[in-house]
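Below is one structure; the comments refer to it alone.
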Number of protein chains: 2
Amino acid sequence: MRVIDYSGRYAFADGAVKGAGKGGVAVATISDVARQAGVSTATVSRALNGKSTVDPALVARVRAAAEELGYHPNGLARNLRRQETAVLALIISDVENPFFTSIARGVEDVAQTAGYSVVLCNSDENADKEQRYIDVALQERVAGVVLSPTDVSSSVERLRHRGTPLVAVDRPLTECDQVLVDSRLAARQATEHLIGAGYRRIGCVTGPAGIRTADDRLAGYRDALDAAGRDLRLERRGEYRASGGRQATEALLAESPDALLVANSAMAIGVLEALGEAGLRLGRDVGVVAFDDVPWATLIDPPLTVVAQPAYEIGAAAARLLLARIAEPSLPPAATMLEARLIERGSTQRATSPR
Amino acid sequence: MRVIDYSGRYAFADGAVKGAGKGGVAVATISDVARQAGVSTATVSRALNGKSTVDPALVARVRAAAEELGYHPNGLARNLRRQETAVLALIISDVENPFFTSIARGVEDVAQTAGYSVVLCNSDENADKEQRYIDVALQERVAGVVLSPTDVSSSVERLRHRGTPLVAVDRPLTECDQVLVDSRLAARQATEHLIGAGYRRIGCVTGPAGIRTADDRLAGYRDALDAAGRDLRLERRGEYRASGGRQATEALLAESPDALLVANSAMAIGVLEALGEAGLRLGRDVGVVAFDDVPWATLIDPPLTVVAQPAYEIGAAAARLLLARIAEPSLPPAATMLEARLIERGSTQRATSPR
DNA sequence: ATGAAAGCGCTAACAT
DNA sequence: ATGTTAGCGCTTTCAT
């Protein structure tokens, strides 16, 4: 027999007062349900968790009691007892980048199917934030972590030390499960495409030194030029943002490039803005190929040639790897290398006429 | 799903065997630290939580012991004991929509400052998923929830019943803190802008019935036409995706609209594709104004006129509201109404000449 | 098949 | 200022 009072606490018939949750409303516990159903807490637990050893009649009673009381198991207590959580943490470096949100979708779909929830954290390309989120993941004892590492930092050491299953995406981490794309090769192919299209003064706009994808894409660019016996190097780095692309391009313009390989779609926005403002026609005056197949690639004129990375599949593969490791921690590290695909469009055709 | 790993256990000197975390590596607990530092667990707790009543010398000993053992407090146990979590859940309807990711950034920044972490969940415009994530939030006893509700559903009833602080964003929820944008007014103004620009056959491409923003924007469109004494209604609904926008537009084209108000930026992509394929010139043949200021708006030719919603500010305001309610649950519900801003660009100028 | 009871790791009274 | 102790709500032996 319970009485709700104004303060959000309720008194049992025996006079004991039970504190309520912060919300102010009393919340039913497993023992409330047990009392209501006239069974032990153990039986409630077994019944609600679908253990086969419980009398169907009791299961029904327990269910009814739980329903009536609006009982929701306390995940904290459950996880504490079980020493495990059905939560995966996904720490990405930019929530506003469609590449990473696609990865998130992939991780989520696979995790969901296996009964895990995914917690998405935005490290914002910032090692401190990354560290903070890793600490949270550690504290909350998540079952595993999918991470796109900001740098080769040792921030993951704590995870390692604690033995938390981890898989890296997009950027490599030594001795770790990972799902990567062969960025260097893709950049090389994209650059070769530019060469093949007849561009002579090919530049590269890439991200900050230390971010592996930025370095790899620059390396791929050089690979292609080397192989073609081209000497001219027009390279510029910037933040992986529109502003970074814009600044890099403005600087590069002094050297009159006639084509640009852009390492990231956020940068591409800045690059295209800068080109437009300089009165340069896309494709005709300056060819552009950018990493990541953004939804608006076909809306610009001429449409943008891109290096499409299989983002969703990266996420899905990472989640599968993570689940496998959670199930079997002693597995040797596995690296999955996915391929990017060049999608040729008008922005790399010198003879393009505006539609 | 659980695997017991014998290899990951360690034996204490006294022969007792302590279970290890799932990862297989033994994890230090507060009593390990206490033993190592030669103090009680209470002192460890106090020292590590910065309680002022602890001897500085002991604090140092404890810190050292914790460091040495690689101790990380178990958040599960802490939260269970404290009956509260420093985690906020943000359930949004589309991670791939920049509008929502901007909201996420806003929520995150404010929460971060207050010492809360944000868990991002993607309901995917799907009531079932939304329900599932709400249940997870309930189970994990998050401190509060920010939600962009899929519909007027009763899925939040459980949250209410449990007393979990909740704030709705983007779409209203009765008797609830909320941060909204006056979509209807914004849609009306956008339509009036179209009328003022000389368009005669103005259509509206909006989202599914039942999604409040979709309905409101349609209503605003009608308001403007009514006020202007226009009879012609060209309305079509579709999913809040590119494909939805494309289909709606293809259908609408039969009625020769000369302008379109598009209720969502994802839809806008499909709309623009359909227009392009039909050989219609943006602005000149068909004026377009779309909701949400996407980063690529200025890259298309002519640049896209948009209704810019203060997404980041919505998220920040929602987080502030939520934190206030967590601190003081008895506050009366507060509704914050933010304004959208029409940004006029070339896509709504009939006389535009391609740059 | 069911119950009693022992914790999971932590914090907060309550002692000292 | 520090230690002792009692739980938070749950699952899971171990009895019965």
- How long is the line joining NZ of A:Lys51 and P of C:dG3, in whole Å? 16 Å
- When you measure from the side chain of B:Thr43, which nucleotide among D:dC10, D:dG3, D:dT12 comes out closest? D:dG3
- Query: Residues in side chain to side chain donor-acceptor pair (under 3.5 Å) with A:Arg46, at least two apart?
  - Reply: none
- Message: Rounded to whole Å, how long is the line connecting atom OH of A:Tyr71 with atom P of D:dG9?
- Response: 10 Å
- For A:Arg132, check side chain to side chain contact (heavy atoms under 4.5 Å, CB included) against everything at least two apart and list the hits. A:Lys129, B:Gln112
For residues 326-336 of chain B, run the donor-acceptor check on the side chains, cut-off 3.5 Å, and write out each pair with its distance to 0.1 Å, sequence neighbours left out.
from, atom 1, to, atom 2, distance (Å)
B:Glu328, OE2, B:Ser330, OG, 2.7

- Query: Could you state the CZ-P distance from A:Arg82 to D:dG9, rounded to the nearest angstrom?
  - Reply: 17 Å
- Contacts of B:Ala319 meeting side chain to side chain contact (heavy atoms under 4.5 Å, CB included) (sequence neighbours excluded), chain-then-number -> B:Val107, B:Val110
- Message: In whole Å, I'd like the distance from the CG atom of B:Leu80 to the P atom of C:dT11.
- Response: 11 Å
- Note on the structure: A:Leu48 atom CG is separated from D:dC10 atom P, nearest whole Å, by 9 Å
- By a strict heavy-atom criterion of less than 4.0 Å, which residues belonging to residues 53-69 of chain B are in contact with DNA chain C? none
Please write out the pairs of protein N or O atoms and N or O atoms of nucleotides 5-7 of chain C separated by less than 3.5 Å, giving the distance to one decimal.
from, atom 1, to, atom 2, distance (Å)
C:dG7, N2, A:Arg81, NH1, 3.3

- Item | Set of side chain to side chain contact (heavy atoms under 4.5 Å, CB included) partners for A:Asp128, sequence neighbours left out | A:Asn126
- Residues at least two apart in sequence or cross-chain that pass side chain to side chain contact (heavy atoms under 4.5 Å, CB included) with A:Asp135, listed by chain then number, are A:Gln131, A:Leu138, A:Arg158, B:His72
- Message: Strictly below 4.0 Å: does B:Gln83 bring a side-chain N or O up to OP1 or OP2 of D:dG7?
- Response: no
- Note on the structure: As a check of understanding: the bend across the helix from C:dA1-D:dT16 to C:dT16-D:dA1, end axes from five pairs, rounded to 10 degrees, works out to 40°
- Shortest non-hydrogen contact from B:Pro149 to B:Val169? CD-O, 3.8 Å
- Item | A:Ser40 vs C:dG3: side-chain N/O to OP1/OP2 distance below 4.0 Å | yes
- Item | Where A:Ala37 and A:Ala65 come nearest, the two heavy atoms and their spacing | CB-CB, 3.9 Å
- Which of these nucleotides, D:dG9, C:dA12, C:dG9, is closest to any side-chain atom of B:Ile30? C:dG9
- Query: Between B:Asn74 and C:dC8, is there a side-chain N or O to OP1/OP2 distance below 4.0 Å?
  - Reply: no
- Nearest-Å distance for atom pair CG/P, residues B:Leu138 and D:dG9: 15 Å
- Measure the distance from CD on B:Gln139 to P on D:dG9 and round it to the nearest whole Å. 15 Å
- Item | Whole-Å distance separating the NE2 atom of B:His72 from the C1' atom of C:dC8 | 19 Å
- Query: Any side-chain donor paired with an acceptor under 3.5 Å for A:Asn122 and A:Tyr133?
  - Reply: no
- Under the side chain to side chain donor-acceptor pair (under 3.5 Å) rule, what pairs show up with a residue in residues 60-70 of chain A, not counting sequence neighbours? A:Gln36-A:Glu68
- Donor-acceptor contact present, side-chain A:Ser40 to main-chain A:Thr43, <3.5 Å: yes
Protein N or O to nucleotides 14-16 of chain C N or O, pairs below 3.5 Å:
none

- Message: With a 3.5 Å distance limit and no angle check, can you tell me whether A:Thr113 reaches the backbone of A:Asp109 through a side-chain donor-acceptor pair?
- Response: yes
- Any idea which heavy atoms bring B:Arg82 and B:Asn49 closest together, and the distance? NH2-OD1, 3.5 Å
- Query: Side chains of A:Glu140 and A:Thr85: is there a donor and an acceptor less than 3.5 Å apart?
  - Reply: no
- Residue pair B:Gly38/A:Arg78 against DNA chain D: nearer the 5' end by closest nucleotide is B:Gly38
- How would you list all residue pairs meeting side chain to side chain donor-acceptor pair (under 3.5 Å) that involve residues 167-177 of chain A, not counting sequence neighbours? A:Ser93-A:Arg171, A:Glu125-A:Arg171, A:Asp177-A:Arg325
- Task: Indicate, with a heavy-atom threshold strictly under 4.0 Å, whether B:Asn79 touches base, sugar-phosphate, or nothing.
- Result: nothing
